[in-house]
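Down below is the structure, laid out as structure tokens.
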Amino acid sequence: MRTVDLAKTVAPHLPHHIIGIRPGEKLHEVMITEDDGRATIELEDRYVILPSADAIRRQHYLDNGGKALSDGFCYSSNTNPERLDARALQNFLQESFTQPR
């Protein structure tokens, strides 16, 4: 979700001012670097970054439906195909706060 969309979703009644990017500010967040991608397994609902020397655990994930990632894989906010919209964020928050702890 873009920051602008997040602000409009959580505070639609407040004024919003776009000030632009500031020096040193990042535009995108990298969650899995290319280096980590080599040791990462993709599961149905998440990624698992394993220690690079843990071949036994890696094989366990692969044997149980995990997929190895292609060379050069990187998970970043600017390449992520899944984006939340206002409705999805509201549903996510509703589910998060109504589940028993």
Side-chain angles (χ1 to χ4, degrees):
M1 178 172 240
R2 296 178 329 137
T3 304
V4 171
D5 298 333
L6 176 64
K8 289 178 182 178
T9 300
V10 298
H13 58 286
L14 295 178
H16 300 276
H17 304 283
I18 297 176
I19 58 172
I21 189 165
R22 295 179 179 172
E25 189 173 12
K26 295 192 295 185
L27 293 176
H28 302 287
E29 191 70 33
V30 177
M31 301 302 291
I32 301 175
T33 65
E34 285 186 39
D35 286 340
D36 285 338
R38 290 187 213 105
T40 301
I41 299 294
E42 181 180 4
L43 302 179
E44 185 178 321
D45 61 344
R46 66 186 174 279
Y47 295 100
V48 179
I49 303 173
L50 298 165
S52 57
D54 197 344
I56 293 172
R57 195 172 344 171
R58 178 179 179 78
Q59 192 59 51
H60 170 77
Y61 279 109
L62 293 172
D63 291 344
N64 288 286
K67 295 186 293 187
L69 301 173
S70 60
D71 281 346
F73 177 85
C74 175
Y75 186 83
S76 177
S77 62
N78 66 324
T79 60
N80 178 13
E82 299 177 33
R83 292 208 183 264
L84 289 178
D85 59 14
R87 171 76 62 208
L89 176 62
Q90 291 165 346
N91 290 340
F92 175 79
L93 292 173
Q94 182 68 33
E95 290 173 14
S96 297
F97 287 105
T98 57
Q99 292 180 0
R101 293 181 182 221

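Keep in mind that the numbers below use all heavy atoms, side chains included, and drop hydrogens, waters and symmetry copies.
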- [ ] Would you check if the side chain of H28 reaches a backbone N or O of T79 as a donor-acceptor pair within less than 3.5 Å?
- [x] no
Open item on the list: Does L14 have more than 12 heavy atoms from other residues, nucleotides or ligands lying within 6.0 Å of its CG?
Closed with: yes
- [ ] Quick one: pull up CG in D71 and CD in E34 and give me the separation to the nearest 0.5 Å.
- [x] 9.5 Å
Task: R87 atom CZ, over 12 foreign heavy atoms within 6.0 Å - done: no
Open item on the list: Can you tell me if E44 has over 12 outside heavy atoms packed within less than 6.0 Å of its CD?
Closed with: no
Open item on the list: Within this structure, what is the CG-NZ distance for the pair L43 and K67, rounded to the nearest 0.5 Å?
Closed with: 10.0 Å
Task: Main-chain N/O of H60 paired to N64 side chain as donor or acceptor, under 3.5 Å - done: yes
Task: Pairwise distance CE(M31) to OH(Y47) - rounded to 0.5 angstrom - done: 11.5 Å
Expected list for residues 49-59: side-chain donor-acceptor pairs under 3.5 angstrom, two or more places apart:
from	atom 1	to	atom 2	distance (Å)
D54	OD1	R57	N	3.1
D54	OD2	R57	NE	2.8
D54	OD2	R57	NH2	2.9
Q59	NE2	D63	OD1	2.8

Open item on the list: Give me each pair satisfying salt bridge (Lys or Arg N to Asp or Glu O under 4.0 Å) with a member in residues 3-22, each pair once, sequence neighbours excluded.
Closed with: R2-D5
- [ ] Could you tell me the separation between the OG1 atom of T33 and the CZ atom of F73, rounded to the nearest 0.5 Å?
- [x] 10.5 Å
Open item on the list: Hydrophobic clusters here meaning ILVMFWY residues chained together by side-chain heavy-atom distances under 4.5 Å, can you tell me if I18 and I21 are in one?
Closed with: no
- [ ] Please tell me if the side chains of Y75 and L69 come closer than 4.5 Å, counting only heavy atoms from C-beta onward.
- [x] no
- [ ] Verify side-chain contact (heavy atoms from CB on, under 4.5 Å) between H16 and V4, making sure each step is shown before the conclusion.
- [x] CA-CA 8 Å; H16 300 276; V4 171; over 6 Å; no
Task: Minimum heavy-atom distance C74-V30, with the two atoms named - done: SG-CG1, 3.8 Å
Task: Qualifying residues under side chain to side chain contact (heavy atoms under 4.5 Å, CB included), relative to L84, sequence neighbours excluded - done: M1, A88, L89
Task: Heavy-atom check, side chain of N78 versus side chain of L27, under 4.5 Å - done: no
Open item on the list: Can you tell me how far apart CZ (R46) and OG1 (T40) are? Round to the nearest 0.5 Å.
Closed with: 13.0 Å
